[in-house]
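Notes for the one structure printed next.
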Amino acid sequence: DRDLAAESDAQMREAGQAAGTGDPWELTLLGDALLRRRLWERSLPVLERVLASDLGEKGDLGPRAARNLGLTLLHLGKWDEGIQALGNLPDHGQDPEMTLEIARQGARLGRFAEARRQLERLLEMKQQDRNAAAEADLLLQRCRILEGDKKGAAEWLLRIWSSPTNPVRD
């Protein structure tokens, strides 16, 4: 992992130097590097600068920066602003990975009803993998419990326990 950290450091230095030019592509690379390091506060002005710049022929950077900005805002606890930024994306609501991340952040922020809506949508999607579906189902039950719907969570647990695919069952 040291190699990965050194590579990330080098990418951040390079992107940081190039970002001084204001080039949207270089700013986007810097924003990506800051996000990988979970430096939310530092990534916010960089991503805002990308979205405020003239993207010209680099129009594909807009959705990427908007997605990263939305995620950054969610991680900073700014739910409404993050959802608004993500809502402007052309594929909003169709990306299982993004939907799961929004639900994770909603649960983390105590926005259980919003998290549940995202998770229910995710479970209706056909393109998520088994692990994402299992995580979504578990997080949905956690939200139910934290919202006080213990009966719904208990019914889910009984359904899972009595399932023929339960590996723990005798």
Side-chain angles (χ1 to χ4, degrees), residues 8 11-12 15-16 18-149 152-153 156:
S8 179
Q11 287 174 339
M12 274 191 59
T21 66
D23 178 65
W25 177 249
E26 300 299 338
L27 287 168
T28 300
L29 292 177
L30 177 59
D32 289 350
L34 291 167
L35 288 177
R36 277 194 302 279
R37 293 197 144 192
R38 301 182 169 285
L39 298 171
W40 314 116
E41 293 283 345
R42 289 181 57 197
S43 68
L44 189 59
V46 172
L47 295 167
E48 288 173 336
R49 193 168 160 201
V50 171
L51 290 170
S53 65
D54 178 17
L55 297 176
E57 292 184 20
K58 299 176 182 174
D60 59 328
L61 294 179
R64 180 175 171 178
R67 175 185 168 110
N68 289 344
L69 177 64
L71 287 174
T72 296
L73 291 165
L74 290 177
H75 280 279
L76 289 172
K78 299 177 180 185
W79 177 264
D80 293 329
E81 293 174 58
I83 293 299
Q84 181 179 358
L86 293 170
N88 293 329
L89 294 173
D91 66 343
H92 174 69
Q94 300 169 4
D95 179 357
E97 182 181 317
M98 177 58 69
T99 303
L100 182 56
E101 184 59 27
I102 292 169
R104 284 182 192 125
Q105 295 308 312
R108 183 182 66 83
L109 295 171
R111 309 287 295 243
F112 301 117
E114 289 95 338
R116 280 179 69 172
R117 277 194 294 278
Q118 295 293 326
L119 292 163
E120 288 165 355
R121 268 187 351 155
L122 176 66
L123 292 170
E124 290 173 3
M125 292 180 190
K126 300 296 181 217
Q127 65 263 50
Q128 87 273 13
D129 65 25
R130 250 183 17 194
N131 292 335
E135 181 182 352
D137 207 10
L138 287 171
L139 187 54
L140 179 60
Q141 303 321 311
R142 179 176 172 233
C143 288
R144 280 184 173 160
I145 291 168
L146 292 171
E147 282 184 304
D149 183 10
W156 170 83

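Positions are given from 1, in the same order as the sequence printed here.
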Could you grab the distance from atom CG of L109 to atom NE2 of H75, nearest 0.5 Å is fine?
-> 9.5 Å
Given side chains that start at C-beta, do those of R49 and L30 come closer than 4.5 Å, heavy atoms only?
-> no
Closest non-hydrogen contact found for A107 with C143 is CB-SG, 4.0 Å
For E135 and R104, which heavy atoms make the closest approach, and how far apart are they?
-> OE2-NE, 2.7 Å
Flag the pair E101 / Q105 as yes when at least one side-chain heavy-atom distance between them is below 4.5 Å, and no otherwise.
-> yes
Which of these passes side-chain contact (heavy atoms from CB on, under 4.5 Å) with L86: L74, L69, L73?
-> L74
Going through the checks in order, is the side-chain hydrogen bond (donor to acceptor under 3.5 Å, both in side chains) test met by D137 and Q141?
-> CA-CA 6 Å; D137 207 10; Q141 303 321 311; 3.3 Å; yes
Is there a side-chain contact between L76 and L44 (heavy atoms, below 4.5 Å)?
-> yes
Minimum-distance pair of heavy atoms, taken over all atoms of G31 and V46 | N-CG1, 3.8 Å
CZ on R111 to CD on E114, rounded to 0.5 Å | 4.5 Å
Using a 4.5 Å cut-off on heavy atoms from C-beta on, say whether the side chain of E147 contacts that of R116.
-> yes
Scanning both residues in full, the closest heavy-atom pair of W40 with T72 reads O-CG2, 3.3 Å
Please name the pair of heavy atoms, one in R144 and one in G152, separated by the smallest distance, quoted to 0.1 Å.
-> NH1-O, 3.7 Å
Taking atom CD of E120 as the centre, does the number of heavy atoms from other residues, nucleotides or ligands within less than 6.0 Å exceed 12?
-> yes
One should read off an interatomic distance between N68 CG and L47 CG, to the nearest 0.5 angstrom, of 5.5 Å
Looking at CG of L100 and CG of L139, how far apart are the two atoms once the value is rounded to the nearest 0.5 Å?
-> 7.0 Å
Search all heavy atoms of L122 against all heavy atoms of A136 and return the closest pair with its distance.
-> CD2-CB, 3.3 Å
When rounded to the nearest 0.5 Å, the distance separating OG1 of T99 from CG of L119 is 9.0 Å
